Amino acid sequence: MLASTCVMAAGTPLETMTMASAKDIAAEEFSAVVTKHRPQIFRFLLSSTRDPDLSETLTQECFLKAHRNWASFRGESSAMTWLMRIAINLQKDHWRNRRLQFWRQTQTHAVSLDEASDWLPSGERSVEQQMLAKERVRQVSKAVEGLSERQQTVFLLRYVEEMELSEIARATGLNEGTVKAHLSRAVARVREKLGGKR
Amino acid sequence: MSFKDKAGEESVDGEFTDELGGLAEAVSDFRLSIHAWSDAALSRPRTEVETGRRRVRGLAIGWTLGCVLVAGGLSGGIYEHLHQQQLAHIAAVRAIEQQRLVAQEQLRHEEEDLLAKVDSDVSREVPTAMEPLAQLMAEDETQ
């Protein structure tokens with residue numbers, strides 16, 4: 001009995017130290033992940049919800065959830081894909097809850113996506129070119145707003161977040177073939193909305 | 001892979017151009033706008049107070065509605081309970097009154113029966129001195 005107590009007493013500080021350092025490393029790792037991927041997660045949520053406040057809240061929830069499950073993240077996909085998957089699910093849950101709470105006063109700060117055209121960098125364009133570009137952005141935004149939820153998600157992940165089809169498939173939980181089909185339909189609809197001329 | 005970099009310069013865009021055809025430039029501008037909007041939104045000052053106020057207002061409305069519903073439910077229940085009690089009291093009073101009336105009626109019947117019995121007993125007993133007269137009266141009735 002005395003001997004085992006001695007062994008335990010000798011082992012405990014070492015174990016505690018190892019666990020503490022492992023925790024520190026994990027925390028540092030996670031902190032780096034947050035710093036690296038927060039803008040992209042926020043941007044995807046902003047383009048999906050069009051509400052900066054809501055996007056901020058959902059981004060925080062996303063990282064909170066990720067932090068809780070960080071130990072179970074096995075690195076089979078990239079951290080970005082994993083985080084994007086959480087963000088997509090959170091966004092879906094949010095809209096589902098909102099639909100169920102139809103009796104609740106909808107206080108949303110969502111704006112139309114075509115307001116994004118106001119943010120178009122001027123680059124080295126002339127005023128006329130800039131006006132034309134803004135008009136084009138407005139048309140694309142309206143067309144994207146008219147897409148189904150899934151088509152919109154796939155379109156935004158592909159052309160705003162510039163993710164590979166395989167990454168989109170992992171993030172959305174769809175087959176790559178299904179992603180391609182949704183994307184193709186989304187592009188066709190956007191093209192149709194833009195009058196088929198572009 | 002990008003359409004353009006942030007300064008608007010063209011870069012390797014083969015993959016997207018294949019997918020989008022003539023839409024490539026419009027979608028590229030759309031992407032740039034979203035990126036700029038997101039960067040601006042991310043670096044804006046937080047609206048904590050506003051969100052806090054909204055939450056407080058929402059909570060207050062929720063609690064008020066909840067209280068009104070609970071108070072309504074309670075007062076309805078109490079009213080119903082009192083109403084039932086009142087009805088039960090009226091029914092009890094009526095039952096007592098009915099019982100009293102029945103008892104009174106019964107007593108009256110008993111008294112009447114007793115009086116009738118007494119009358120018949122009294123009428124049957126004819127004094128001895130008047131028996132010849134009674135016999136005569138009986139004969140007259142038979143004739």
Side-chain angles (χ1 to χ4, degrees), chain A residues 38-40 42-47 50-57 59 104-105 107 109 111 113-125 130 132-141 143-144 155-156 158-165 180 183-184 187-188 190-191 194 196-198, chain B residues 1-69 72:
Chain A
R38 186 167 166 256
Q40 198 173 351
F42 175 78
R43 186 170 57 226
F44 167 72
L45 288 167
L46 180 68
S47 57
R50 303 184 296 281
D51 184 337
D53 288 342
L54 176 61
S55 307
E56 184 73 37
T57 309
T59 306
R104 211 165 161 177
Q105 194 186 3
Q107 283 182 323
H109 289 114
V111 294
L113 254 187
D114 63 7
E115 279 192 26
S117 66
D118 297 339
W119 295 97
L120 181 66
S122 55
E124 289 170 2
R125 295 178 234 228
Q130 214 179 318
L132 278 169
K134 276 190 178 183
E135 184 50 37
R136 273 201 309 258
V137 170
R138 215 165 278 143
Q139 285 176 342
V140 174
S141 306
V144 171
F155 187 93
L156 293 172
R158 178 67 174 153
Y159 299 121
V160 177
E161 301 310 326
E162 298 174 283
M163 285 169 73
E164 296 289 346
L165 291 175
K180 269 186 194 168
L183 198 61
S184 154
V187 171
V190 172
R191 187 172 285 127
L194 263 70
K197 58 190 173 192
R198 299 210 153 267
Chain B
M1 184 167 150
S2 299
F3 298 97
K4 287 177 179 179
D5 61 21
K6 288 214 170 182
E9 302 262 326
E10 293 288 339
S11 66
V12 187
D13 60 349
E15 199 179 343
F16 287 135
T17 312
D18 286 349
E19 281 175 28
L20 294 165
L23 276 180
E25 202 183 340
V27 173
S28 160
D29 284 338
F30 172 70
R31 178 187 142 270
L32 286 175
S33 305
I34 298 277
H35 278 235
W37 182 28
S38 166
D39 290 346
L42 205 56
S43 54
R44 88 205 143 106
R46 301 280 176 275
T47 52
E48 274 290 317
V49 179
E50 186 64 25
T51 318
R53 271 189 204 148
R54 264 197 295 160
R55 195 172 297 151
V56 167
R57 203 188 311 147
L59 268 175
I61 291 169
W63 273 101
T64 313
L65 276 174
C67 288
V68 167
L69 279 172

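Not measured: the values here are computed from a predicted model. Letters A, B, ... are given to chains in the order of the sequence lines, protein chains preceding strands, and every chain is numbered from 1.
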- Can you name the nearest heavy-atom pair linking B/L42 to A/P39, along with the distance? CD2-CA, 3.8 Å
- Note: A/L46 and B/S38 closest approach over all heavy atoms is CD2-CA, 3.6 Å
- Task: State, yes or no, whether a side-chain contact exists between B/D29 and A/K134 at a heavy-atom distance under 4.5 Å.
- Result: no
- Note on the structure: Interatomic distance, CZ@A/F42 vs CG@B/D39, rounded to 0.5 Å, equals 9.5 Å
- Message: Between A/L183 and chain B, with a heavy-atom cut-off of 4.5 Å, which part of the residue counts as in contact: side chain, backbone, both or neither?
- Response: side chain
- Query: Any idea which heavy atoms bring A/Y159 and B/R31 closest together, and the distance?
  - Reply: O-CD, 3.2 Å
- Message: Tell me the closest heavy-atom pair linking A/V160 and B/H35, and the distance in Å.
- Response: O-NE2, 3.0 Å
- Item | Shortest non-hydrogen contact from B/F30 toward A/V137 | N-CG2, 3.7 Å
